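Structure first, then comments.
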Amino acid sequence: MSLEGLEARWDAAWTEQRTYAFDRTRTRDEVYSIDTPPPTVSGSLHVGHVFSYTHTDVVARYQRMRGREVFYPMGWDDNGLPTERRVQNYYGVRCDPSLPYDPDFTPPHEGGEGKSIKSADQVPISRRNFVELCERLTVEDERQFEALWRRLGLSVDWSHHYQTIDARSRAVAQKAFLRNLARGEAYQAEAPGLWDVTFQTAVAQAELEARDYPGHFHRVAFGGADGPVHIETTRPELIPAVVALVAHPDDERYQHLFGTTVTSPLFGVEVPVLAHPAAEPDKGAGIAMCCTFGDLTDVQWWRELQLPTRSVVQRDGRLSRETPEWITTEAGRALFGELAGKTTFSARTAVVDALRASGDLDGEPVPTQRKANFFEKGDKPLEIVTSRQWYIRNGGREWEQRDLRAELLGRGEELAFHPDFMRVRYENWVGGLNGDWLISRQRFFGVAIPLWYPVTADGEVDHDHPIAPDEATLPIDPSSDVPPGYTADQRGVPGGFVGDADIMDTWATSSLTPQIAGGWEWDDDLFARVFPMDLRPQGQDIIRTWLFSTVVRSHLEHGSLPWRHAAISGWILDPDRKKMSKSKGNVVTPMGLLEEHGSDAVRYWAASARLGTDAAFEVGQMKIGRRLAIKVLNASKFALSFGGDGGPTAQALDAAAVTEVLDRAMLAGLADVVERATEALEAYDHTRALELTETFFWTFCDDYLELVKDRAYGAAAEGLTVSPEATASARAALALALDTLLRLLAPVLPFATEEVWSWWREGSVHRAPWPDAAPLRAAAGDADPAALDAAGRALAALRKVKSEAKVSMRTPILRAELVVPSVHLALVEPVADDVRAAGRAQGLTLVGDDVEAALVRSHELGEA
RNA sequence: GGGCGAUUGGCUCAGUGGUAGAGCGCCUCGUUCACACCGAGGAGGUCACUGGUUCGAACCCAGUAUCGCCCA
């Protein structure tokens, strides 16, 4: 028996037989729907995908066998920066939206990888050409993902797959946005926001990553009435943007300064000294310069202390080319003239030199590690610039109409997290939000913000009166489509219109996967059968993004949770207990892994890890899974081999034929396993269910199969007799047990169990009902499951004698006194003949005594 | 600095109040009669540490240490 080739064979069979096809005639209460996070196809496949998606598939298969019609679609997340960057490198191009479309464009490269093509060498192409290349590349990526998922055995209905960039997704995302806008949940604002200089785009709070960033503390003197006031700053180039000095209200050192003003060095701008609790007394000098804007604390001070706006850093990361009007001294204006247009980095050097020359720098700069905000995909610290962007309310800012934060916290309580402690990550995130959700992105490959703006007669864009399309026309592209009531030639001219040039944040689409997959507003019949969904599986890292944003959209649009359960998978750790990642070079190709060990084996490893718990990448665990899968094949072949004539069929499942005590005891134990495994799976604890089943299965193979072997053959050992009824009992019990065990193992080992099922049963095990303990209990009668265990221990004692005598297990025991704990005697006596047969121990005397475990007191061995 | 989780035999992990468990690895044997991608037997742990609660603690409580993740 071999596992080779099972994956390809059964994947083809399941596709052909539509085993996992969703039956959309079923009603919501009969359906179990899963909102699988669509993987980012341009990202690389890694072991973590295999791990967490296996967890989901185990749930899907279990629920399907429980009789629920499982809605389990798969989507691909294509849009956004990862794809754009990959396209730039792969084809050697970059997007320039000002260029016209070239229908005959051929990319200069094909298959470039990494950072091999410098941006200077990238060919500028139109937005439409660029998007076409994005689409071309993602098709290839999707093929690889689907092949992997099929190989892994995910029971997905592939006819329901979607892409977060396809027309339907764009329509859903735009419609949901327009609904948000109409209800006042979406708004535009001119506000300070985080800006990535490299990617030239705004960045949302959820995309932030705080990283250590080397810098220097510069001790700088401001001019005060009673002498210099020293502050320490890592960003002296922002001194021209200073609007106040801020210290903690309780800080003794600065009490006398509150309410006074000081003068900035070099630029001579007079600013107030103010008190605010966000100032940290033990950090630097304890008094900070507030600029517009150096960091997020500056934004808070600016807002709460009503400070003026004096920005000097532009979107390109350079200081403004014009000298600001608030700098009035001649020396100050002259110095700024030298800084104008410089990057923040070279401006910093120039300012430090000037401070040194003027004597306002106290000592030399001291190296420090500070935390700076980065875009999670960027490598330069973010700047804070003021710009006009679109936001969706998420409870992060006060809203006079509703207490959205409280409502969303309530949704968090309503949602069943598995494991439950993951809920606090949601609560911490929602509780700590300090702004609404910025959704505008200045990128190209994504869903366009579906709005135009009028251009006034004097050529100004009127952002306050956006023009929305009719819902029936969605999806639209405002850069090529024309708003109602206008003609194409009015684009960009006075009295005409302009389209919003931005796209939406990736999450603004991805947060709608239940709606996209479920057919919201284009297949309401389907939507009513699957929404709200039952399960959202995902990683703990995206609770604050994917999970939260999806809850926001569903709450706003439908007034409900998007799903009832959230199953959170842990990380994969390498042998050094570090998170596996590409940069560490310790990732393994998932397809190679599946080919090497077999899909059932890899699934076993994944299913052995509980939800929420990090798991070691352990090849050893996969080998155990492989051994288990092979054992399923071999033990099944053996159990089905009795009785000749090609083995038993479903007719062998005759509970009434089970009359022997040992057989009944085994079924009683199996009934317990069914009950407890079912309970565990209902509680989203697939690991416990697997452990229970697996433990029983090994006992079944090692002890029960050995104990009933002879009886099932119908061949009695010497000195014993076997009745036809006793043989029939063994065969029926084997068939019943195998039937049950295959179903219990099917969610974890879909290939091996399906293979065995096909030998003797009709249809697919994956559409067979989940086992029920009741019929097993009926067949077991009043048998005590401990009888199998006691018999197994008795057999082990006989084996030990042979093992210690270093003889074959086939060696007959001519005479032996087997001592069992007195409390076990009544259990072993009725099954003593099975023990005698399995131990080749014709002359076995059984006694009870006060012993810890069964042992052989005296014996005489024969010849093998 | 705050939050969450973890710490059990060489390794990976179960075990949530009543005499320490599994698999792998290791040691000793056996075997091709379902399974060598095999079988049997065996050795191996003061359950991170310190206090406390309890008749009794790996488990409950308090604190400490180390590791991981998330947020400042």
Side-chain angles (χ1 to χ4, degrees), chain A residues 1-4 205-206 208-210 278 280 282-283 295-297 371 373 417 419-434 539-545 568 570-579 596-598 600-601 604-605 608-610 612-642 647 680 685 687-688 690-692 694-695 698-699 701-703 705-706 709-710 712-713 715 734 738 756 795-811 838-839 852 864:
Chain A
M1 289 294 108
S2 159
L3 299 171
E4 305 310 320
Q205 190 181 352
L208 288 188
E209 203 170 276
E280 296 177 63
D282 52 356
K283 208 167 184 180
D295 60 26
L296 291 172
T297 314
K371 286 286 184 190
N373 284 317
F417 281 87
D420 188 65
F421 66 76
M422 287 293 178
R423 183 191 318 280
V424 298
R425 293 185 187 243
Y426 175 93
E427 287 168 350
N428 290 347
W429 175 250
V430 179
L433 282 171
N434 54 32
Q540 64 201 41
D541 54 328
I542 49 177
I543 288 175
R544 64 175 177 154
T545 49
I568 312 294
W571 299 118
I572 304 303
L573 307 177
D574 69 11
D576 299 329
R577 302 214 61 79
K578 298 281 179 238
K579 194 170 141 187
E596 185 181 349
H597 301 283
D600 279 346
Y604 172 88
W605 159 72
S608 302
R610 288 176 301 164
T613 306
D614 294 345
F617 177 74
E618 258 236 297
V619 170
Q621 197 66 11
M622 296 173 202
K623 289 185 171 160
I624 296 165
R626 185 173 177 83
R627 201 166 72 106
L628 177 64
I630 292 170
K631 196 78 173 180
V632 166
L633 295 181
N634 284 309
S636 300
K637 185 179 79 176
F638 185 52
L640 294 171
S641 68
F642 306 112
D685 187 356
T687 308
R688 181 92 188 119
L690 172 59
E691 190 192 338
L692 287 163
E694 189 192 1
T695 302
W698 283 111
T699 306
C701 292
D702 293 343
D703 293 344
L705 272 178
E706 293 298 328
K709 207 184 244 186
D710 284 4
Y713 271 125
L734 283 168
L738 185 62
V756 172
L795 178 58
L798 299 180
R799 284 168 174 161
K800 184 171 179 176
V801 165
K802 297 181 191 178
S803 189
E804 285 174 349
K806 301 186 177 179
V807 298
S808 159
M809 288 297 141
R810 291 168 63 203
T811 306
E852 289 279 308

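It should be emphasised that the depicted structure is a prediction, and the values quoted were computed from it without experimental measurement. Every chain is numbered from 1, with letters handed out A, B, ... down the list of sequences.
Along RNA chain B, the nucleotide nearest to A/Ser636 and the one nearest to A/Ala796 differ in position, and the one closer to the 5' end is contacted by A/Ser636. Mapping A/Ala805 and A/Lys800 onto RNA chain B by nearest heavy atom places A/Ala805 at the nucleotide closer to the 5' end.
Comparing atom distances between the A/Arg810 side chain and each of B/C69, B/U32, B/G39 picks out B/U32 as nearest.
Between A/Asp600 and A/Ala629, the shortest heavy-atom contact is CB-CB, 4.1 Å. For the pair A/Ala712 and A/Leu734, the tightest heavy-atom approach, listed with the atom from each and the gap, is CB-CD1, 4.1 Å. Closest approach of A/Leu798 to A/Gly839, counting heavy atoms only: CD1-CA, 4.0 Å. Smallest separation of non-hydrogen atoms from A/Ala635 and A/Leu705: CB-CD1, 4.1 Å. When all heavy atoms are compared, the tightest approach of A/Ser803 to A/Met809 is N-CE, 4.0 Å. When all heavy atoms of A/Asp614 and A/Trp571 are compared, the pair lying nearest together is OD1-N, 2.8 Å.
At a threshold of 4.0 Å, the pair A/Glu4-A/Arg626 counts as salt-bridged, since one of the basic side-chain nitrogens sits closer than that to a carboxylate oxygen. Salt bridge annotation for A/Arg799-A/Asp703: present, with a cationic side-chain nitrogen under 4.0 angstrom from a carboxylate oxygen.
Of the P atoms belonging to B/C29 and B/C11, the separation is 27 Å, rounded to the nearest Å. Distance check on atom C1': B/C55 versus B/U19 gives 15 Å, rounded to whole Å. Across the P atoms, B/A57 and B/G51 are found 14 Å apart, a figure rounded to whole Å. The gap from the C1' atom of B/G56 to that of B/A20 amounts to 15 Å, rounded to the nearest Å. B/G44 and B/G2: their C1' atoms are spaced 42 Å apart (whole Å). B/U54 and B/A62 are spaced 16 Å apart, taking the C1' atom of each and rounding to whole Å. Between B/C60 and B/G23, the two P atoms lie 26 Å apart (nearest whole Å). Taking atom C1' in both B/G41 and B/C4, one finds a spacing of 45 Å when rounded to whole Å.
Nucleic acid contact for A/Glu691: sugar-phosphate only, since backbone atoms but no base atoms lie under 4.0 Å from a heavy atom of the residue. A/Arg610 comes within contact range of the sugar-phosphate backbone alone, with a heavy-atom separation under 4.0 Å but no base atom that close. Across all strands shown, A/Tyr713 has heavy atoms under 4.0 Å from sugar-phosphate atoms exclusively, and none from any base. In this structure, A/Lys802 reaches neither bases nor backbone, as no heavy-atom distance under 4.0 Å exists between it and the strands shown. Nucleic acid contact class of A/Gln540 (heavy atoms, under 4.0 Å, all strands): sugar-phosphate only. A/Glu706 comes within contact range of at least one nucleobase, with a heavy-atom separation under 4.0 Å. Within the nucleic acid shown, A/Trp429 has no heavy atom closer than 4.0 Å to any nucleic acid atom.
In this structure, the CE atom of A/Met809 is 11 Å from the C1' atom of B/U28, given to the nearest Å. Taking atom CG of A/Leu628 as the reference point, atom P of B/A22 lies 18 Å away to the nearest angstrom. Rounded to an integer number of Å, the gap from A/Phe638 CZ to B/U32 C1' is 14 Å. Distance A/Lys806 NZ to B/C29 P: 5 Å, rounded to the nearest Å. One atom, CH2 of A/Trp605, and another, C1' of B/A22, lie 20 Å apart when rounded to the nearest Å. The distance between atom CZ of A/Phe617 and atom P of B/C13, rounded to the nearest whole Å, is 13 Å. In this structure, A/Asn434 atom CG and B/A72 atom C1' are separated by 11 Å, rounded to whole Å. Atom pair A/Leu573:CG and B/U12:P shows a separation of 10 Å (rounding to whole Å applied).
Of the possible donor and acceptor atoms, none in the side chain of A/Trp605 sits under 3.5 Å from a partner among the backbone N and O of A/Gly620. A/Lys631 places no side-chain N or O within 3.5 Å of a backbone atom of A/Trp698 that could act as its donor or acceptor partner. At least one donor-acceptor pair under 3.5 Å links the side chain of A/Ser641 to the backbone N or O of A/Phe638.
Atoms CZ and CD, from A/Phe421 and A/Gln540 in turn, are 7.5 Å apart once rounded to the nearest 0.5 Å. Summarising the geometry, atom CZ belonging to A/Arg425 is positioned 9.0 Å from atom CG belonging to A/Asp541; distances are rounded to the nearest 0.5 Å.
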Listed pairs, N/O of protein and of nucleotides 24-26 of chain B, under 3.5 Å:
from  : atom 1 : to       : atom 2 : distance (Å)
B/C24 : OP1    : A/Arg627 : NH2    : 3.0

Is there any protein nitrogen or oxygen under 3.5 Å from a nitrogen or oxygen in nucleotides 3-5 of chain B, and what are the pairs?
from : atom 1 : to       : atom 2 : distance (Å)
B/G3 : O2'    : A/Asn428 : ND2    : 3.3

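When side chains are defined from C-beta on, A/Lys637 does not count as touching A/Leu633, because their heavy atoms never get closer than 4.5 Å.
The phosphate of B/C71 has OP1 or OP2 within less than 4.0 Å of a side-chain N or O from A/Arg544.
Secondary structure note: stems in RNA chain B built from 3 or more consecutive Watson-Crick or G-U wobble pairs under 3.5 Å occupy B:1-7 with B:65-71, B:10-13 with B:21-24, B:26-30 with B:38-42, B:48-52 with B:60-64.
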